[in-house]
Each structure stands twice: as C-alpha cells, then as structure tokens.
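Letters go in sequence order (proteins before strands), and every chain restarts at 1. Note that the coordinates shown come from a computational prediction; the quantities given were computed from them, not determined experimentally. Computation of the quantities below employed the complete heavy-atom set of this structure, encompassing side-chain atoms and omitting hydrogens, waters and symmetry-equivalent molecules.
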Amino acid sequence: MFFIFAALINVMKEVRVRFAPSPTGPLHIGGVRTALYNYLFARKNGGKFLLRIEDTDQNRYVPGAEDYIIESLKWCGINFDEGVSIGGPHEPYRQSERKHLYFEYAEKLINEGKAYYAFDTPEELEEMRERLTQKGVATPQYDYLSRYEMKNSLVLSPEDVKSRLERGDPYVIRVMIPADREIKVDDLIRGEVVVHTSKLDDKVLFKSDGMPTYHLANIVDDHLMEITHVIRGEEWLPSAPLHVLLYEYFEWDAPQFAHLPLLLKPDGNGKLSKRDGDRLGFPVFPLQWSDPKSKEISSGYRESGYLPDAFINMLAMLGWNPGTEKEVFSMQELIDAFSIDRVQKHGSKFDPEKAKWYNHQYFSVLSDNEVAHLLEKQLIGKGVNADFGKLLEISRLIKERVTLIPDLWEQSYFFFKQPLTYDEKLKNKIWRPETPEVLRHICSFIEEQTSLQSDTFESSLKEYIHQSGFNMGQVMNTLRLALVGSAFGPGIAGIISVLGKEETILRINRLKNS
RNA sequence: GGUCCGUUCGUCUAACGGUUAGGACGCCAGGUUUUCAUCCUGGUAAUAGGGGUUCGAUUCCCCUACGGACUACCA
C-alpha cells in the first residue's frame with residue numbers, strides 16, 4: 001500500500017531537470033549533448049527544463065561565455081523553460097547572484113556536527129599531503145584520519161575558533177564524512193554504485209572567498225529549484241556519493257541521478273577536446289568562438305555550414321539509440337522516442353564523417369524553397385544578386401549534391417559567373433578539329449527551341465545529337481566545358497534551362513573563340 | 001598509486017539465455033548519371049582473454065587484460 005502511494009506521488013510530481021554549465025569558455029559538443037538529453041527527457045515527460053549558470057569560481061569566469069551558451073542552445077533548438085535571461089519562479093538562476101543564500105546551509109551543517117571550519121593554509125595542506133605520502137598512505141587526503149591533525153574547529157578550542165572568526169582569518173567549511181559507511185548512488189544508467197566513505201575526503205563546501213563550491217551550490221540549488229532528475233556527465237560520478245550524503249545531511253529527498261558517458265576523440269583514446277578538432281579538422285563547438293584573451297578562433301558547426309537539425313540528430317545518436325533502425329529524427333521525433341534507459345554506458349568516439357552524412361541527409365529532404373533561401377544568403381555574402389525563381393530552379397538541381405551550406409556556392413557559382421578558365425584535362429580529352437563546327441550546329445539548334453523546359457528539352461537535345469551523328473559524350477562534355485568550365489555539376493540540359501538561350505550561346509561562342 | 005565506471009565489425013550501434021550476431025557510417029566492387037557528386041545493388045568486417053553457471057551464453061557471475069573518468073578553497 002505504501003509503495004503504491006509513494007509511486008503515485010512520484011508519478012504526479014512534475015519532472016524538472018537542469019543544464020548547469022559554468023561560463024568558463026565556449027560550450028563543447030559534449031555539453032550540448034548533455035543539454036539535449038536533459039531537454040529531451042523533460043519534454044518527453046511533460047516536465048520543465050532549466051538553465052542555471054554555475055559561476056561560483058570567479059577566477060575562471062570568461063566574458064561572453066554565458067551569452068555563447070544561450071545562443072548555442074537557441075541555435076540548436078534546445079529551448080529552456082526557466083533560467084538565466086528568461087527568468088522563472090526560482091530567480092535568480094546565476095549562482096553568483098545567489099551568493100547570499102549558501103552560507104546558512106553550510107552553517108546549519110556545522111551546528112549539527114556535519115561540517116566544520118578549517119583554517120589550514122594552502123602550504124599546510126601541501127605539507128599534510130607530503131607527510132602522508134612519506135608515511136606510505138595510499139590516498140593522502142583531508143579525511144577521517146588526517147583531519148584531527150589539522151587546524152580546524154574539531155581540534156582547536158572553541159575560544160580559538162571564535163577569535164579567529166572574529167579576527168576575520170580566512171577559513172573554509174568542510175563537510176565531515178563519516179568514517180565507516182557505505183553510500184549507495186542509484187543511477188538511472190549504471191544501476192547501483194556503492195562507495196565506502198573511507199575513500200571520500202572532507203570536501204570544501206564553502207570557500208574562503210565567500211562563495212560555495214560546486215558541491216554545496218548544486219545541492220542547495222537543485223533542492224530549492226525542485227530538480228527531480230540530475231542528468232550530467234560521467235565526470236561527476238565520483239563525487240555523486242558526496243552529493244547523496246549531503247542530501248541526507250540536509251534531510252532532503254535526493255533527485256534521481258543519471259551519469260552520461262563521455263564523448264571521446266575520433267582516433268585513439270580519451271575525451272574529446274578542442275585540440276582534436278584543430279588536429280583533425282572538424283568543429284568541436286556548436287558556434288564559432290573567439291577567445292577574448294588569446295583572440296584565438298575556434299570553428300563552429302553553424303559557421304561550417306551544418307544545419308542545426310542535422311547537428312542535433314547526429315549528437316542525439318551518439319550514446320543513445322531508439323532500439324529501431326530509424327536514424328533520421330526531427331526534434332519532435334527524438335522527444336517521442338527518447339528514454340534514459342537506452343542511453344549507453346560507455347563513451348562514444350566522435351565521428352566527423354557521420355556528422356557530414358547527417359547533414360547531407362537533411363539537405364536532400366529540404367524543400368526547394370528552403371534550399372533557395374540558404375543559397376540566397378550565400379549569394380548575398382558573395383555580392384551576387386539573383387531572381388528568387390531562378391534560385392528555386394538551381395536549388396532543385398543541386399540540393400542532392402550538397403553536404404555543407406558552402407557547397408551551395410561551390411555547386412552553383414557557374415550559374416552566376418562565366419567560366420574564366422577551362423579545365424585543360426577535359427579540353428584535351430574532348431577537343432577535336434571538328435568541334436567548332438559541331439558547336440555551331442548545337443547553337444542553332446538551341447536558337448530554334450521554343451522552350452528550354454529541362455525535362456522535354458533534354459530528350460530533344462539528345463535526339464538532335466543522335467540524329468546528327470555526333471558523338472554524344474563528346475558533345476555533352478564540350479557543352480559542359482563551355483558552360484561550367486570543368487567536369488562537374490548537374491545535367492547539361494538543366495544547366496542550359498537555367499542559363500537561358502542567350503547566355504548559353506554566349507558561353508559556347510566564348511569557348512569556340514578561346 | 002587509489003576509487004569508480006566501462007569493453008559487440010575501423011566507428012556509432014541492435015540482439016533484454018536459443019539469430020547464418022542485424023543495421024548505419026567509412027572502405028571496396030558493380031550499376032545508373034555519356035561529367036562529378038548523389039542514388040541503387042553487392043561485398044569487407046565484431047562479441048578483449050580465461051574460468052564458471054546453464055541443455056545452451058554476446059547476454060548472468062568471477063578473474064585477468066585493456067580503456068576511461070575522478071583524485072583542488074575548478075566546475
């Protein structure tokens with residue numbers, strides 16, 4: 001009976017998840033994936049997704065990083081319901097602005113004997129580690145063994161502690177980890193993870209600069225913001241037992257945990273880093289980032305010409321799969337299909353080729369109209385004006401030949417510019433003494449046409465070449481040389497149809513006279 | 001070093017004890033496109049190793065190996 005009731009409450013409770021990056025630089029695609037899985041989970045369960053900025057480390061703050069994160073999520077179509085920049089019922093969503101509320105929680109723990117003041121200097125901490133290492137201690141750390149040899153409120157007299165605090169001596173607040181207990185972390189992806197407290201250390205909860213550490217801030221905020229599921233990277237798994245213990249210390253219900261596997265570098269081992277992108281030539285960030293200090297520029301998926309939906313689809317499939325053979329998913333389809341228990345346990349090597357494949361897939365299903373708009377934007381960047389109707393025709397001809405947005409220009413520039421040079425290899429291969437004569441005939445044939453509609457025109461052109469006894473390959477390739485300048489591009493009839501009579505004949509004559 | 005997590009084709013993965021171990025990317029070959037790309041067809045290729053449990057293990061357990069994360073007054 002109790003269990004049924006408890007389960008019911010659980011079902012009725014609104015799902016609330018958060019993405020909580022720290023603004024220390026651009027968001028890496030692993031971070032985007034974490035945000036995506038949180039988003040999908042929230043939407044799938046009819047819950048809320050919030051964005052919280054964890055900026056408790058003032059030293060690592062990078063200007064522009066927060067805006068970058070917000071813009072990235074926006075580009076990806078990962079919309080949040082509450083958070084920085086849009087507000088919500090639990091404002092503020094930036095931890096630096098919540099600074100005032102953390103101390104009382106740390107103090108409460110001290111009053112209950114679950115935490116303590118520590119006055120050790122960095123040098124003293126270093127000495128302690130040194131000393132323990134000398135003694136052959138396997139894990140030299142501030143813990144249930146070493147804390148009684150340090151300068152903290154557990155060993156100092158109450159008077160001493162009081163006067164140090166009144167004097168304004170720098171101090172931190174450390175959690176007191178029990179000596180001999182097992183902490184169980186129930187993870188949605190990994191099952192039960194058990195850690196003995198003797199392996200944990202008395203982590204700092206509150207820093208001497210008056211800011212909480214991640215460990216304190218994330219527990220307090222997740223509780224206050226009523227977070228039900230903490231979905232985060234695997235790098236947090238080792239500190240999850242501490243977090244579970246803190247929930248227990250505060251007598252709060254702990255959220256469900258799910259620790260996501262990492263994104264690994266395409267070659268070799270280890271987690272994907274910015275360096276891998278530079279080295280292997282693919283973006284590691286959603287948007288281009290220019291470092292405010294070093295001025296160094298890192299490429300982004302958006303600027304490289306990826307479509308956001310394709311990028312998201314690719315990322316979603318790295319470490320999760322629906323259990324079917326379907327691979328192309330819209331965001332809504334991802335939401336419908338998503339479930340946390342189909343998330344992989346192990347890390348995934350990132351595959352830049354697959355990213356391109358996804359983008360190509362998305363291009364081929366885009367409407368002519370959508371492609372034409374993308375092409376139009378490219379042309380504006382090149383200073384080329386063109387009639388939209390013409391762009392539609394061109395889009396239809398080239399969209400299946402395009403992988404990235406810049407390919408639109410690569411595949412279509414010859415529609416807007418006469419070829420200035422001719423591919424020598426192709427020219428040598430097809431040019432014959434009679435070629436100019438043949439071209440003259442082709443020109444007059446084109447001249448006579450009443451319509452250049454590509455479907456009908458193509459067959460009549462071929463018919464004409466065939467009946468005239470010309471070599472089909474030679475004529476077609478020569479036309480290609482005249483119109484495009486080299487051996488690539490869509491079918492000749494389609495090109496002529498877009499170019500029109502006048503321009504086609506102009507280009508043919510230009511080749512003839514070259 | 002310690003703690004924790006992990007391990008199916010080169011890569012992403014399916015197979016919740018019984019399959020000729022399936023799909024996708026890549027690669028290779030053929031076809032279509034009288035160009036190039038696309039596209040189509042086919043091919044290549046995997047259960048890390050060793051022990052158990054079981055009539056039967058990719059699947060459950062143990063050990064080994066290998067890989068990864070963490071090990072700050074960073075998140």
Would you mind reporting whether Leu479(A) and Val475(A) have side-chain heavy atoms less than 4.5 Å apart?
yes
Choose from [options] the nucleotide whose nearest atom is closest to any side-chain atom of [X].
| X | options | result |
| --- | --- | --- |
| Arg129(A) | C70(B), C73(B), U7(B) | C73(B) |
| Asp57(A) | C73(B), U3(B), C74(B) | C74(B) |
| Glu327(A) | C73(B), A24(B), U8(B) | A24(B) |
| Leu125(A) | A69(B), C4(B), C73(B) | C73(B) |
| Pro122(A) | C70(B), C73(B), G26(B) | C73(B) |
| Phe488(A) | C36(B), G2(B), A75(B) | C36(B) |
| Asn269(A) | U11(B), C39(B), G68(B) | G68(B) |
| Gln361(A) | A75(B), C39(B), C4(B) | C39(B) |
| Thr139(A) | C5(B), U38(B), G1(B) | G1(B) |
| Glu325(A) | A75(B), U3(B), G23(B) | G23(B) |

Using a 4.0 Å heavy-atom cut-off, does [X] contact any base of the nucleic acid, only the sugar-phosphate backbone, or nothing at all?
| X | value |
| --- | --- |
| Lys271(A) | sugar-phosphate |
| Arg342(A) | sugar-phosphate |
| Asp120(A) | base |
| Gln474(A) | nothing |
| Lys462(A) | sugar-phosphate |
| Pro261(A) | nothing |
| Val204(A) | sugar-phosphate |
| His259(A) | nothing |
| Gly491(A) | base |

Using ring centroids (six-membered ring only for Trp), state whether [Y] and [X] fall under 6.0 Å.
| X | Y | answer |
| --- | --- | --- |
| Trp431(A) | Tyr422(A) | no |
| Phe311(A) | Tyr301(A) | yes |
| Phe338(A) | Tyr37(A) | yes |

Rounded to whole Å, please give me the gap between [atom1] in [X] and [atom2] in [N].
| X | N | atom1 | atom2 | result |
| --- | --- | --- | --- | --- |
| Glu458(A) | U35(B) | CD | C1' | 13 Å |
| Lys349(A) | C12(B) | NZ | C1' | 11 Å |
| Arg232(A) | C4(B) | CZ | C1' | 14 Å |
| Glu410(A) | U38(B) | CD | P | 16 Å |
| Phe350(A) | G26(B) | CZ | P | 14 Å |
| Glu400(A) | U38(B) | CD | P | 11 Å |
| Leu264(A) | C5(B) | CG | P | 18 Å |
| Lys203(A) | C70(B) | NZ | P | 12 Å |

[X], [atom1]: over 12 other non-hydrogen atoms inside 6.0 angstrom:
| X | atom1 | answer |
| --- | --- | --- |
| Lys345(A) | NZ | no |
| Lys356(A) | NZ | no |
| His466(A) | NE2 | no |

OP1 or OP2 of [N] sitting under 4.0 Å from any side-chain N/O of [X]?
| X | N | value |
| --- | --- | --- |
| Arg401(A) | C36(B) | no |
| Gln344(A) | A14(B) | yes |
| Thr56(A) | A75(B) | yes |
| Lys326(A) | A24(B) | no |
| Asn321(A) | A14(B) | yes |
| Lys199(A) | G1(B) | no |

Hey, does the side chain of Arg190(A) reach the backbone of His259(A) with a donor-acceptor pair shorter than 3.5 angstrom?
yes
Taking any strand in view, what nucleotide pairs with [N] in a Watson-Crick or G-U wobble way, both distances under 3.5 Å?
| N | answer |
| --- | --- |
| G30(B) | C40(B) |
| A72(B) | none |
| A65(B) | U7(B) |
| A46(B) | none |
| U58(B) | none |

Donor-acceptor pair present, [X] side chain and [N] base, under 3.5 Å:
| X | N | value |
| --- | --- | --- |
| Lys354(A) | A24(B) | yes |
| Arg190(A) | C5(B) | no |
| Arg480(A) | C36(B) | no |

Roughly how far apart, to the nearest Å, are [N] and [M] at atom [atom1]?
| N | M | atom1 | result |
| --- | --- | --- | --- |
| G52(B) | G43(B) | P | 38 Å |
| G30(B) | G51(B) | P | 45 Å |
| C4(B) | C9(B) | C1' | 29 Å |
| U44(B) | C36(B) | C1' | 26 Å |
| A21(B) | U13(B) | P | 22 Å |
| G50(B) | U58(B) | P | 12 Å |
| A15(B) | U20(B) | C1' | 14 Å |
| C5(B) | G23(B) | C1' | 28 Å |

Select from Ser239(A) and Ser348(A) the residue whose nearest nucleotide in RNA chain B is closer to the 5' end of that strand.
Ser348(A)
Comparing nearest nucleotides in RNA chain B, the 5'-proximal residue of the pair Leu318(A), Asn59(A) is Leu318(A)
Does the side chain of Tyr214(A) come under 3.5 Å of the side chain of Asp57(A) through a donor N or O and an acceptor N or O?
no
Cation-pi check for Tyr116(A) against Arg147(A): NZ or CZ below 6.0 Å from the six-membered ring centre and within 45 degrees of the axis, yes or no?
no
